[in-house]
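Notes for the one structure printed next.
Each ligand, and each atom within it, is numbered from 1 in the order the structure gives. Position 1 is the first residue of the sequence; numbering continues from there.
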Amino acid sequence: MAPTLSNEILLKAANEFSTPLYVYDEERIHFQYSKLSHAFRKSDVKIFYACKALSNINVLRILQQLGSGIDCVSLNEVQFALKAGFQSNKIIFTPNSVSIDDYKEAVDLKVNINIDNLDILQQFGNIYGNSYPVVVRINPHIMAGGNIKISTGHVDSKFGVSINQVSQILDIKKQTGVVIKGLHLHTGSEIKDLEVFINGLQLMLELSKQFDDLSVIDLGGGFKVPYKPDEKGSNVEELGAKLAEMLDAFKASTNKTFQIWFEPGKFLVSEAGYFLTKANVIKENPTRNFVGVDSGFNHLIRPMFYDAYHIITNISNPKGPVKTYNVVGNICETDTFAWDRELHEVNPGDILLFNNAGAYGFEMSSRFNSRARPAEVLVNKGQLKLIRRRETLEDLLQGQIL
Ligand SMILES: *Cc1c(COP(=O)(O)O)cnc(C)c1O
């Protein structure tokens with residue numbers, strides 16, 4: 001059974017550290033990592049945590065100690081990873097729309113480099129020739145993902161080199177000598193359908209026949225986690241069995257084999273995270289009941305940005321009569337966390353819990369409306385540890401030149 005935090009400990013955290021508050025369960029991160037790594041044959045698969053989901057260094061350390069690698073989309077994330085103790089060969093740098101200067105810095109840091117366009121591949125090849133093998137991101141023209149904003153592998157997506165332009169990759173390889181050690185694809189987030197990964201691997205295995213130095217196929221991240229009560233997450237065990245079968249068949253016919261890399265973000269941390277807010281205002285309008293909480297899309301943007309659904313519970317009054325509310329934030333524009341949601345009756349001061357807030361929660365928070373960002377707490381076997389203090393007015397003013 002997947003570990004979850006009790007309402008009791010969450011209320012304790014809210015009491016001790018105040019709200020709004022992010023709380024992460026270390027045991028659940030262990031559980032998710034173990035579930036994923038056991039789904040695949042160890043010899044085939046390496047896991048690189050996509051740290052843009054949640055990059056607090058304390059969380060990175062947990063994954064580092066579990067043996068995970070790490071996927072970084074910016075140089076600052078690479079620096080976080082190094083600070084957390086990841087060895088450079090366990091770090092992937094997967095940026096897009098950055099200049100060659102960022103890649104040069106990544107070379108100096110000796111991390112794995114993933115190149116996402118022909119122009120940079122050419123420049124990189126001109127500078128480094130065959131001295132620094134790279135991975136190239138392919139756009140497979142597959143539509144996948146829970147929402148257009150998080151779909152990254154379709155024909156009109158900005159990501160990767162179009163699968164129709166592979167001949168140009170080969171031209172650059174021939175001309176500059178650049179060594180292409182891997183092919184990468186990441187088609188999106190919240191991929192329900194395992195076929196997306198299976199078709200992706202099939203495509204990459206076909207493509208691999210045109211590349212002589214290839215040792216890695218990186219299938220990206222995007223495993224689905226359940227947000228709604230009736231949803232199911234990706235069946236990673238089924239995927240693991242299917243991948244093993246495909247790799248074996250490929251080996252039997254070509255005598256070639258590859259290391260498969262995955263870059264899960266959400267899968268490893270989403271369900272480990274809880275967001276706690278306090279009801280400030282109850283407003284019973286003629287058409288709707290509103291609960292106004294002490295937070296907003298500045299702290300959890302997923303509902304407004306992705307139309308995401310988070311389960312919300314009133315953990316202060318778990319037995320109260322059920323009423324229907326719109327749960328709204330305190331930002332000065334439409335700022336709705338949930339529409340027409342059934343909650344046990346909410347009174348001012350009650351703590352509302354948002355589930356599944358570990359991924360892209362704190363990480364996408366901002367200081368909009370000049371409100372400070374929340375604190376973060378890590379729970380390990382009942383022990384609460386503050387891992388980021390709440391911001392203050394001084395933090396908000398810092399950096400402004402008066
Ligand atoms: C965002 C991202 C991921 C992680 O996606 P999840 O949906 O959180 O698993 C993996 N790889 C790349 C390149 C990404 O941009």
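Taking the ring centre of F211 as origin, the terminal cationic atom of K173 falls outside the region bounded by 6.0 Å and 45° from the ring axis.
The list of side chain to side chain donor-acceptor pair (under 3.5 Å) pairs with a residue in residues 152-170, not counting sequence neighbours, reads N96-K158, H141-S162. Residues in residues 333-342 take part in these side chain to side chain donor-acceptor pair (under 3.5 Å) pairs, two or more places apart or across chains: R288-D340.
Protein residues with a heavy atom under 4.0 Å from ligand 1 are A50, K52, D71, T94, R137, H186, S189, G221, G222, E263, P264, G265, K266, Y360.
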message: Under the criterion side-chain contact (heavy atoms from CB on, under 4.5 Å), I'd like the reasoning laid out for I180 against I115: C-alpha separation, chi angles, the key distance, then a yes or no.
response: CA-CA 10 Å; I180 295 171; I115 290 182; over 6 Å; no
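K256 pairs by the salt bridge (charged side-chain N to carboxylate O under 4.0 Å, His left out) definition with nothing, not counting sequence neighbours.
For Y306 and Y360, the ring centers sit 6.0 Å or farther from each other.
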